[in-house]
Amino acid sequence: MKKSILFILLAPLFLIGESMSVREAVEFANKNNKDIQMQKKSVTIKNLQYSKSFLYYLPEINLNTSWSKTGSNHPYQSVIDSGYSGTISLTQPIFNYNYIEGVAFANIDKVKEEISFELVKMNVEIGTISKFYNVLSLFNEEKAAKFLLEKSSQTFKMVESKYELRSANKSEYLKAKVDYINSEINYNTVKSNLDISKKELFNYIGIKYTDCILEDDISIDTLQIEDLEILKERLTKYDPQILAEKINLQYSMSMLRSSISDFLPYINWNLSYSTRVDNIPTFSNWEDGDNWSTSISFVLPLFKGGRRAIDIAENKINYQKSKINYKKAIEDRIRELLEKISDVRGGYLTYTSAIDAEEMAKENFNISEIQYKNGSISQIEYLNAKKTYEDAKSNLIRSKYAYLTNRLQLDVMTGKWKGE
């Protein structure tokens, strides 16, 4: 863990020539991805709004001052023949159910934003994993394409020499040349796609593009998938999409309670102190206009034109819709979970089959290469063996990273992936 933290801190300076694992790429994305950064700001705003919701319980204090002219036939006495007044009032809420629900609303909004953050974070992590393994896949394809280009070059030079010595016909020469050109085109195409994908990955995780080596540090031993019921439990506990619908359900319930609370009374305690001074105030007459009062006000809403009943009916329907959406979200995500488990299992079988196919194709290619050099097989047979080996190698690379991508995506869905 200390190594990962140090790696992230020093990455802008020392990333060139270093290696980066998929976990470290995810850590970079969590720190630098623009979508995550924006969502963090939204979470901060909701936290501030939640803190503000408690302030409505605090007393409200106001100072009100005024000056009034009492009138006079002597203009120069206008200021003297005037009155000055000042009032300090304090209002302390004692009971107001809307304030209580206001705190609940703010808390739900805060939690919703936090879940949205987790959802964005999950999507960014999955995106990073997919992009990371796409780069690794292309990197290995580049190595395979380079190997085949070298072999095609050697074959073409050998056939060219035979053709010049009249020991190979023009058809063989042209086939070797076309094969060499196609191998060169394929290599350049794969190399270009690799460069583009690598730049996309580095831009996505928010660090400067370098010659950093991506490290394939996750080994594939045996297929291990937890019990389905455990995965379902983890899914409903950690999946942001399900949690988002759950908090929407809580929000609609709070809205329903709030609409019912419009029938409830609210109570305030009021305290005020005021003073009035006629003419210019002096210490001798300052207390002449002193006045203070205190009261407890009780307000019970009786009739608002039937709007409250409609609000309750509307919020009740919204609550029922939220319940349906919550259940549907669980069903949809469980179905996606089952599909992902199927993808993982199928991907593992494809990967293990690709290993056997690649080993057989490699062995057959090595034998064919020896036979071709000895002249016991034709160039066409040799090229077919080489093509079979190329396809098997590429298929192995694709199946390996397809499996790893699905495996890690499953871990992200069930809250198992922590990037650690």
Side-chain angles (χ1 to χ4, degrees), residues 35-36 38-60 91-123 232-270 296-334 336 413-415:
D35 293 333
I36 288 181
M38 288 295 294
Q39 195 60 36
K40 281 182 178 178
K41 300 296 183 185
S42 299
V43 171
T44 301
I45 291 173
K46 292 301 180 181
N47 280 325
L48 291 173
Q49 291 176 350
Y50 176 63
S51 299
K52 186 175 73 173
S53 66
F54 288 95
L55 301 181
Y56 291 102
Y57 288 101
L58 298 179
E60 181 179 323
T91 301
Q92 172 64 59
I94 296 177
F95 174 78
N96 190 326
Y97 194 81
N98 285 328
Y99 290 170
I100 298 174
E101 284 301 320
V103 173
F105 285 150
N107 182 55
I108 291 173
D109 278 342
K110 178 176 73 74
V111 175
K112 283 176 67 176
E113 211 64 44
E114 290 170 349
I115 292 174
S116 296
F117 171 73
E118 292 298 325
L119 181 59
V120 170
K121 186 170 175 286
M122 182 186 74
N123 290 332
K232 286 182 180 179
E233 182 180 352
R234 293 180 64 86
L235 180 74
T236 55
K237 184 177 180 180
Y238 294 107
D239 183 67
Q241 294 185 30
I242 292 178
L243 295 178
E245 290 300 333
K246 184 177 182 180
I247 202 67
N248 283 334
L249 177 61
Q250 295 175 359
Y251 186 81
S252 61
M253 170 56 80
S254 186
M255 287 292 294
L256 178 59
R257 290 198 304 264
S258 179
S259 60
I260 295 173
S261 72
D262 285 341
F263 288 91
L264 300 177
Y266 56 89
I267 304 171
N268 291 330
W269 173 53
N270 306 295
I296 295 179
S297 59
F298 176 91
V299 179
L300 176 63
L302 295 178
F303 181 70
K304 292 186 177 181
R307 296 190 303 273
R308 293 177 294 180
I310 294 177
D311 288 341
I312 291 175
E314 181 181 354
N315 289 323
K316 187 175 182 179
I317 293 173
N318 287 332
Y319 172 69
Q320 293 170 346
K321 287 174 59 179
S322 296
K323 286 178 66 176
I324 295 173
N325 287 334
Y326 176 58
K327 292 180 180 179
K328 183 176 182 299
I330 294 177
E331 293 172 356
D332 290 344
R333 292 300 282 169
I334 287 178
E336 291 174 13
M413 285 180 65
T414 55

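Positions are given from 1 along the sequence.
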Considering non-hydrogen atoms only, spot the tightest contact between [X] and [Y] and give its length.
{"X": "M413", "Y": "L235", "answer": "O-CD1, 3.5 Å"}
{"X": "Q49", "Y": "A106", "answer": "O-CB, 4.0 Å"}
{"X": "I242", "Y": "A329", "answer": "CG1-O, 4.1 Å"}
{"X": "K323", "Y": "L249", "answer": "CG-CD1, 3.3 Å"}
{"X": "P93", "Y": "Y56", "answer": "CG-O, 3.5 Å"}

How long is the straight-line distance from [atom2] of [Y] back to [atom1] of [X], given to the nearest 0.5 Å?
{"X": "K246", "Y": "I330", "atom1": "NZ", "atom2": "CD1", "answer": "8.5 Å"}
{"X": "L243", "Y": "E118", "atom1": "CG", "atom2": "CD", "answer": "9.0 Å"}
{"X": "M122", "Y": "I115", "atom1": "CE", "atom2": "CD1", "answer": "12.0 Å"}
{"X": "T414", "Y": "K232", "atom1": "OG1", "atom2": "NZ", "answer": "14.0 Å"}
{"X": "I45", "Y": "D109", "atom1": "CD1", "atom2": "CG", "answer": "12.0 Å"}
{"X": "I36", "Y": "Q39", "atom1": "CD1", "atom2": "CD", "answer": "9.5 Å"}

Exercise for review: Flag the pair I108 / K112 as yes when at least one side-chain heavy-atom distance between them is below 4.5 Å, and no otherwise.
Suggested key: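 SC-SC contact between I108 and K112 confirmed.
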Original post:
Looking at side-chain heavy atoms only, is the closest gap between K327 and E245 below 4.5 Å?
Top reply: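 SC-SC contact between K327 and E245 ruled out.
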Practice task
Please test E113 against K110 for salt bridge (charged side-chain N to carboxylate O under 4.0 Å, His left out), starting from the C-alpha separation and ending with a verdict.
Solution key: CA-CA 5 Å; E113 211 64 44; K110 178 176 73 74; over 6 Å; no
Please name all residues satisfying ring pair (Phe, Tyr, Trp, His ring centres under 6.0 Å) with Y50, sequence neighbours left out, ordered by chain then number.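 Ring pair (Phe, Tyr, Trp, His ring centres under 6.0 Å) list for Y50, sorted by chain: F54.
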Side chain to side chain contact (heavy atoms under 4.5 Å, CB included) assessment of N47 paired with E114 = CA-CA 10 Å; N47 280 325; E114 290 170 349; 4.0 Å; yes
What I want to find out is whether K328 reaches E331 closely enough, with some N-O distance under 4.0 Å, to be called a salt bridge.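 The answer is no: the pair does not qualify as a salt bridge.
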Check: Any sub-3.5 Å donor-acceptor pair from N107's side-chain atoms to V103's backbone N or O?
Finding: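 Looks like no, no N/O pair under 3.5 Å.
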Whether S254 side chain and Q250 backbone form a donor-acceptor pair below 3.5 Å =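 No.
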More than 12 heavy atoms from other groups under 6.0 Å of CD on Q320
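More than 12 within 6.0 Å, yes.
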